[in-house]
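Structure first, then comments.
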Amino acid sequence: MQSHTKGMWMWCVPHPKKPNRTLVLPDTEGLGDAEKGDKQNDSWIFVLAILLSSTFVYNSMGTINQQAMDQLHYVTELTDRVRARSSPDVDGVEDSADFVSFFPDFVWTLRDFSLDLKADGESITADEYLENSLKLKKGTSPKDTTFNLPRLCIRKFFPKKKCFIFDWPIHRKKLGQLEELCDDELDSEFVQQPVVFCSYIFSNSKTKTLSGGIKVDGPRLETLVQTYVNAINSGECSPGLG
């Protein structure tokens, strides 16, 4: 998969539903651009996105699988190291409400989703599909531990989670013409799904808030970026993960 966004871009626009608020929209390149060949760089960009956001939207294709879980596990572990490096005087944060405040609400969007949302023969919601994907195995074998570890990490770091699915916009044979098509030529469910997604984001995303209830404004956002980038560049945040 080739990434169309390079690095991180930010747009600042008036909030469409909350007067006198500015909506900051960071957009990052995806994980696993084969042409770039620098997985570590991808991961650090994701770390910055997590730390700077009040709502983190993780966009992947198809179904939730082990590879996606492992990628999220890796970047969340890196994120915690940067957070700890940036706040060396915060003791016991892992056992307090402050710990959760460092991490955003989590929204997983699944593009080109083709499965029927069912479990045990019953229809389920996208949120239930996500929760089912995060269920742990009861065994204690090395294989069970490997399976459970990323799920435990995601559940711990992101206590508030939401999932949205997006169907194929049109028959695959016509995807090459997608930019030329009007909305009424697209799948009707696909057209409605982004409307629901945007409504949720605009209504539920909170102001980025730091420990102690400090609201992040423009100057504080600049300070946060500098602090986190310095922590990453120090070279002391990288765990010995593959």
Side-chain angles (χ1 to χ4, degrees), residues 3-31 42 44-61 72 75-76 79 82-83 86 97-98 100-112 126-127 130 157-167 169 178-232:
S3 174
H4 292 285
T5 303
K6 299 298 181 184
M8 178 184 291
W9 293 68
M10 285 191 180
W11 288 264
C12 298
V13 297
H15 199 292
K17 290 193 175 182
K18 299 176 182 178
N20 303 317
R21 296 278 185 89
T22 297
L23 189 64
V24 181
L25 300 169
D27 184 22
T28 75
E29 59 186 282
L31 293 170
D42 292 348
W44 286 130
I45 290 171
F46 258 56
V47 165
L48 273 178
I50 291 173
L51 287 167
L52 296 174
S53 300
S54 62
T55 299
F56 178 69
V57 179
Y58 182 55
N59 181 27
S60 64
M61 295 185 68
L72 269 177
V75 295
T76 49
T79 301
V82 176
R83 175 201 59 77
S86 304
D98 286 341
V100 174
S101 73
F102 280 94
F103 293 87
D105 295 343
F106 179 74
V107 178
W108 198 327
T109 58
L110 299 165
R111 294 164 43 210
D112 301 341
D127 291 337
L130 174 58
F157 281 83
F158 301 110
K160 184 175 180 181
K161 297 175 287 293
K162 184 76 176 171
C163 183
F164 290 91
I165 64 168
F166 297 91
D167 295 323
L178 193 57
E179 297 292 333
E180 306 165 9
L181 300 178
C182 300
D183 281 358
D184 59 5
E185 298 177 90
L186 302 178
D187 180 86
S188 58
E189 288 191 18
F190 171 81
V191 172
Q192 185 61 27
Q193 286 161 348
V195 175
V196 175
F197 166 74
C198 290
S199 177
Y200 174 86
I201 296 296
F202 294 151
S203 299
N204 291 276
S205 293
K206 305 182 294 291
T207 301
K208 179 69 176 179
T209 305
L210 305 178
S211 179
I214 300 172
K215 305 289 186 183
V216 174
D217 55 14
R220 286 199 179 102
L221 179 61
E222 179 184 7
T223 300
L224 280 180
V225 172
Q226 293 173 340
T227 300
Y228 293 142
V229 168
N230 289 340
I232 289 170

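Everything numeric here is computed off the predicted structure, so don't read it as measured data.
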Worksheet item: Can you list the steps and then say if Thr55 with Asn204 is a side chain to side chain contact (heavy atoms under 4.5 Å, CB included)?
Response: CA-CA 9 Å; Thr55 299; Asn204 291 276; over 6 Å; no
Response to the item:
Separation between CE (Met61) and CZ (Phe166), nearest 0.5 Å, reads 13.0 Å
Practice prompt. Applying salt bridge (Lys or Arg N to Asp or Glu O under 4.0 Å), run through Lys206 and Asp105 and close with a yes or a no.
Written response: CA-CA 9 Å; Lys206 305 182 294 291; Asp105 295 343; 2.7 Å; yes
Worksheet entry | Heavy-atom side-chain proximity of Pro104 to Phe158 below 4.5 angstrom | yes
Worksheet, complete the sentence: Residues Phe202 and His15: closest non-hydrogen pair is O-CE1, 3.1 Å
Fill in: Atom of Lys17, atom of Ser203 and distance for their closest heavy-atom approach
NZ-OG, 3.1 Å
Fill in: Validation row: Tyr58, Phe46 side chains within 4.5 angstrom (heavy atoms)
yes
Discussion item. Contact between Leu72 and Trp108 at the side-chain level, heavy atoms closer than 4.5 Å - yes or no?
Written reply: yes
Response to the item:
Heavy atoms of Val216 and Leu221 approach each other most closely as CG1-N, 3.7 Å
Worksheet item: Would you say the side chain of Val57 lies within less than 4.5 Å of the side chain of Phe164, judging by non-hydrogen atoms?
Response: no
Item to complete: Could you tell me whether the side chain of Lys208 and the main chain of Ser54 form a donor-acceptor pair under 3.5 Å?
Response: no
Worksheet item: Between the main-chain N or O of Asp167 and the side-chain N or O of Gln193, is there a donor-acceptor pair closer than 3.5 Å?
Response: yes
Discussion item. I want to check something: taking the side chain as every heavy atom from C-beta on, are Leu51 and Leu224 in contact at a cut-off of under 4.5 Å?
Written reply: no
Worksheet item: When rounded to the nearest 0.5 angstrom, what distance separates OH in Tyr228 from CG in Leu48?
Response: 9.5 Å
Item to complete: Would you mind telling me which of Val24, Thr22, Leu23 makes a side chain to side chain contact (heavy atoms under 4.5 Å, CB included) with Val13?
Response: Leu23
Worksheet item: Distance from Thr223 atom OG1 to Asp217 atom CG, nearest 0.5 Å?
Response: 8.5 Å
Worksheet item: Which atom pair, heavy atoms only, marks the closest approach of Arg220 to Lys215?
Response: NH1-O, 2.9 Å
Fill in: Validation row: Ile201, Phe197 side chains within 4.5 angstrom (heavy atoms)
yes
Worksheet item: Rounded to the nearest 0.5 Å, how far does OG1 of Thr109 lie from NZ of Lys162?
Response: 13.0 Å
